[in-house]
Amino acid sequence: MDYDFRAIEAKWQGTWKETDAYKVTEDPTRPKFYVLDMFPYPSGAGLHVGHPLGYIASDVFARYKRHKGFNVLHPMGYDSFGLPAEQYAIQTGQHPAITTEQNINRYRDQLEQLGFCYDWSREVRTSDPSYYRWTQWIFGELFESWYDTQAQKARPIAELTEAFAENGNFNVHAACDEGWWKGLSFPHFGAHFDGTFTATDWQSMNEAERQEVLMCFRIAYLADSEVNWCPALGTVLANDEVKDGLSERGGHPVMKKTMRQWMMRITAYADRLLSSLDDLDWTDSVKEAQRHWIGRSEGAAVRFAVANDAGQPDPAGTEVEVFTTRPDTLHGVSFMVLAPEHDLVAGLTSDAQRSEVEAYVEAAGMKSERDRQGDKSISGVFTGGHVVHPITGALVPVWIADYVLAGYGTGAIMAVPAGDDRDWRFAKHFDLPIPPIFKDVDTQEAVCTDKGAILCNSGEWDGMRASDAIPLALDWVEAQGCGTRKVNYRIRDAVFSRQRYWGEPFPIAYENGIATRITDATVTLPKVDAYLPTEDGEPPLARANREDWPVFRGDAMETNTMPGWAGSSWYFLRYMDPHNENAFCDRSKSDHWGQVDLYVGGAEHTTGHLLYSRFWTKFLHDLGHIGFDEPFKFMINQGMILGRSSFVYRIQGTNTFVSANQRKAHRTQRLHVDINLVDNDKLDLDGFRAWRTEFANAEFILDDDGTYTCGHEVEKMSKSKYNVQTPDELVERYGADTLRCYEMFLGPLTQHKPWDTQGISGVHNFLRKIQRLYTQAAKGGMATSSSDDALRIVHKAIAKVTDDLDRHAFNTVVSALMIAVNDLSSLDSGCGEDALQPLATLLSPYAPHLAEELWQTAGGEGSVLDAAWPEAQDAYLVEDQTTYPISFNGKVRFKLDLAASMSPADVEATVRADERTLEQLDGKEIRKVIVVPGRIVNVVM
RNA sequence: GCGGGUGUGGUGAAAUUGGUAGACACGCCAGACUUAGGAUCUGGUGCUUCGGCGUGGGGGUUCGAGUCCCUCCACCCGCACCA
């Protein structure tokens with residue numbers, strides 16, 4: 001009679017395994033639905049109750065869709081390359097593959113006990129060579145592709161070499177760095193080279209030179225670039241791995257450093273990544289964050305000629321280019337500011353200023369990123385050099401300052417102190433002129449950033465506001481030849497190399513310094529004697545000798561490895577065809593499964609994974625490998641489950657602990673206490689003494705009832721706060737079905753919420769109650785048909801549950817089921833198969849084990865998993881009696897039971913005639929009666 | 001500073017198109033059965049000076065506002081010298 005969840009759950013998990021209940025194949029006769037959880041990294045700590053929240057929701061939805069007749073793909077796997085296993089390897093010498101394997105096994109056990117409907121035959125691991133050979137293959141495709149900015153798509157590099165051989169690069173529109181040729185030093189590209197070369201030029205280059213040129217156009221390319229170097233981690237980091245100038249993992253300082261690294265030309269996709277956001281069903285906050293990360297802004301690149309000693313434009317033609325979104329304020333320029341790292345700083349600096357400038361540049365270089373970001377004080381140095389104003393011909397002094405970033409725009413700005421806050425403060429600080437350019441605005445007193453301000457002292461743009469003057473200014477600048485329209489992006493190409501061991505090796509070998517793709521073999525990780533960098537700072541892979549490499553080509557192998565996001569950028573495709581040895585994913589499979597219809601995960605991947613996988617998806621689409629160009633159509637970001645920490649209060653300098661209620665009378669120190677020693681805020685005194693030796697002789701000041709009350713606070717779950725709740729203990733005590741229902745019952749999926757086990761008993765009771773309902777109905781034989789009352793209850797639940805699931809309101813479904821069970825239980829009798837079978841189906845997404853059991857009890861055929869989702873019948877939903885609340889001036893005064901079919905006019909007449917109405921009127925007159933059929937009556941007096 | 005979000009009982013929350021605010025649970029209180037229970041069952045439970053008052057504060061639209069509009073406040077998350 002008891003709800004024996006242990007037996008039930010073990011039994012059904014066994015059955016599902018035996019019957020391959022969750023194995024899925026492409027079924028063209030049914031509509032497809034792809035439900036995906038964000039790829040987990042199998043950490044050694046295992047799961048806490050926050051992790052499964054999203055998995056439960058997606059599992060519920062996958063099961064629901066299966067009931068609805070969909071061909072549902074719902075896979076799980078592991079993003080199993082990563083730092084923690086490598087750190088452990090460094091400390092212990094144990095190969096990271098072993099640690100990883102152990103952690104995965106633990107994860108798998110934890111996931112399995114929760115009864116998820118994953119098709120485990122599709123499990124993938126990014127660290128498995130059978131998986132990463134395809135990550136390598138995709139990298140190879142990126143390496144052998146260029147981006148055609150005219151066609152707005154990636155194309156094979158062979159088409160570029162063909163074009164070069166035929167016409168040079170005259171008709172080629174390839175995405176590349178500005179001044180791509182500047183790092184190259186061939187005779188063809190002399191001082192006056194402007195970026196175009198002929199077919200003859202191309203023919204005359206040798207292979208090495210051609211390869212160097214091609215490298216400038218590849219989507220995956222090698223380049224010397226300024227990277228985020230993290231000395232503590234011994235590796236470079238991508239921009240999204242740096243937060244506040246510190247590494248996201250570990251919080252170590254990050255420096256700027258120039259290194260030759262593999263890069264990904266994600267900037268080529270900036271526009272498409274931006275515009276196709278509009279069609280994605282994601283939250284505004286994630287989409288906005290991506291828009292900001294891409295940071296598109298329209299404006300002009302304006303060139304200022306450098307002035308020579310005579311104050312004339314430098315005859316050598318040296319110019320400083322700035323980017324501005326407000327070319328209309330050109331008349332307000334009174335100085336120029338370069339980033340300290342700008343190339344032209346040395347050339348512009350006068351002898352008199354040299355020592356000061358060099359000191360400033362050096363100081364800026366020494367600062368870590370965090371120091372530079374954190375320092376909001378105004379600093380800068382005059383270089384002594386000038387540029388010539390393109391309109392007025394006036395000399396404009398050139399400064400260098402920290403507030404101009406080398407990495408954004410051109411690394412130089414034209415300062416318009418009247419209209420830009422930073423320029424204004426800089427001008428005030430160094431007492432530089434602030435030319436007034438806005439009518440009736442005193443910009444000596446305050447800056448004017450209002451785009452609606454009217455221009456003055458600006459020649460032919462006088463009297464205009466920004467929106468009208470900007471297009472004219474752009475035309476003017478282009479006509480004068482001193483600038484061009486330009487779209488600038490904040491997003492930078494992504495660094496793709498890591499100086500680490502535990503990552504994908506590159507399928508790249510070098511022969512005389514030329515990088516070549518290896519296509520005929522999977523480059524697996526070589527044996528190394530330690531997982532650390534070499535003595536001269538080379539990545540760990542450089543420790544491997546030629547014979548240590550399973551595959552070795554050319555005269556050297558690439559020794560960097562790929563970053564964490566490589567494998568996770570395309571994993572959703574591998575699930576569709578996980579064992580394919582001939583392709584990353586057969587086109588027929590990706591055509592069948594298509595985009596992910598529901599993607600569930602935390603919001604922490606906003607600018608990393610979610611951007612990179614969009615980029616790779618678009619790339620694979622460009623080359624025709626897949627038929628869609630956005631990976632995740634619809635996404636839900638689940639909120640974090642926070643821990644509820646408990647505290648004890650130690651009187652300072654003693655070993656005496658005072659109950660929270662009386663702590664104010666003492667000077668106390670608050671200490672976290674393990675939540676397992678606390679029940680309902682009461683401390684287990686013996687357990688506490690036994691917890692740690694330092695507390696063995698603890699004394700207590702207790703409340704009057706002889707208990708110790710702990711304090712509490714809601715915080716992030718973490719080991720150090722002793723507030724971590726693992727699902728294992730709860731599954732042991734209440735069962736997986738209870739945990740599943742409870743996590744959903746807790747509140748809206750997307751919201752953050754504190755974890756509190758107090759409420760779990762209510763949900764557990766509900767499952768016991770529903771089981772009791774079925775066993776009682778089965779006592780003496782299950783009836784085939786039910787009373788109308790019972791059917792009304794069930795059909796109401798069907799309507800509510802279906803509706804809630806369709807709008808992803810996972811929490812209210814549990815309430816609806818509780819109500820149905822409560823109502824049916826109070827009927828005493830009348831429950832038969834036609835009520836209890838549909839009810840078991842409704843329960844099945846949430847409590848799949850118990851639902852199987854109940855389905856059987858209710859005489860269901862086969863497994864409940866494939867039971868058709870019941871449909872609510874209107875006949876059972878309409879009530880013939882309606883209870884009308886009768887309100888007077890909006891306040892409810894009494895209720896009236898009326899026939900549901902009664903016309904509004906009759907309802908009004910009945911209300912008017914009711915003696916309670918007269919009582920309420922108290923002599924006043926009825927001005928109006930509003931009847932909302934089936935809802936409410938409002939009498940206006 | 002900018003962007004996004006959230007404010008409803010002692011607690012988690014519900015109220016889908018403006019129509020009975022607080023469903024469903026936890027906790028608490030009382031009772032029953034047992035007289036060891038943290039077991040089970042039943043009833044009660046927003047506040048209240050019993051007139052009313054109540055969805056962060058103030059204002060507005062409406063017969064009617066948690067829901068729509070304006071404004072202010074608090075908290076959380078993300079970004080942050082982006083020219």
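Chain identifiers are assigned alphabetically (A, B, ...) following the order of the sequence lines, protein sequences preceding nucleic acid strands; residue numbering begins at 1 within each chain.
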Which of the following nucleotides, U40(B), G3(B), G19(B), is nearest to the side chain of E288(A)?
G3(B)
The side chain of Q751(A) is closest to which nucleotide in this list: C24(B), G7(B), C63(B)?
G7(B)
Bracket notation of RNA chain B in which parentheses pair within the strand, [ ] cross earlier pairs, and | pairs with another strand (Watson-Crick or G-U, under 3.5 Å)
(((((((..(((......[....)))((((((.......))))))((....))..(((((..]....))))))))))))....
Pair H764(A) and Y3(A), ring centroids less than 6.0 Å apart:
yes
Consider the side chain of N938(A), meaning its heavy atoms from C-beta on, and name the nucleotide among G64(B), C24(B), U17(B) that approaches it most closely.
G64(B)
Atom CG of N637(A) to atom P of U6(B): distance rounded to whole Å?
13 Å
Atom pairs, protein N/O to nucleotides 44-53 of chain B N/O, distance under 3.5 Å:
none

Name the closest nucleotide to the K895(A) side chain, picking from U20(B), U40(B), C63(B).
U20(B)
Whether each nucleotide of nucleotides 75-83 of chain B has a protein heavy atom under 4.0 Å at its base (B), only at its sugar-phosphate (S) or at neither (-) is summarised, 5' to 3', as ----S-BBB
Cationic N near anionic O, under 4.0 Å, D914(A) to R893(A):
no
Give the rounded distance in Å between these two atoms: OH of Y734(A) and P of A25(B).
17 Å
For the residue pair Y489(A) and D271(A), confirm or rule out a side-chain donor-acceptor distance under 3.5 Å.
yes
Rounding to an integer number of Å, can you tell me how far Y3(A) OH sits from A39(B) P?
19 Å
Does R490(A) count as lying over the ring of W293(A), i.e. NZ or CZ under 6.0 Å from the six-ring centre, within 45 degrees of the axis?
yes
Ignoring hydrogens and angles, does a donor from either the side chain of K753(A) or the base of U6(B) sit under 3.5 Å from an acceptor on the other?
no
Would you kindly give the CG-to-P distance between D756(A) and C28(B), to the nearest whole Å?
12 Å
Side chain of F745(A), heavy atoms from C-beta onward: which of A14(B), G19(B), G12(B) has the nearest atom to it?
G12(B)
Among G5(B), G38(B), G19(B), the one nearest D284(A) by side-chain distance
G5(B)
Any side-chain N or O of N822(A) under 4.0 Å from OP1/OP2 of A25(B)?
yes
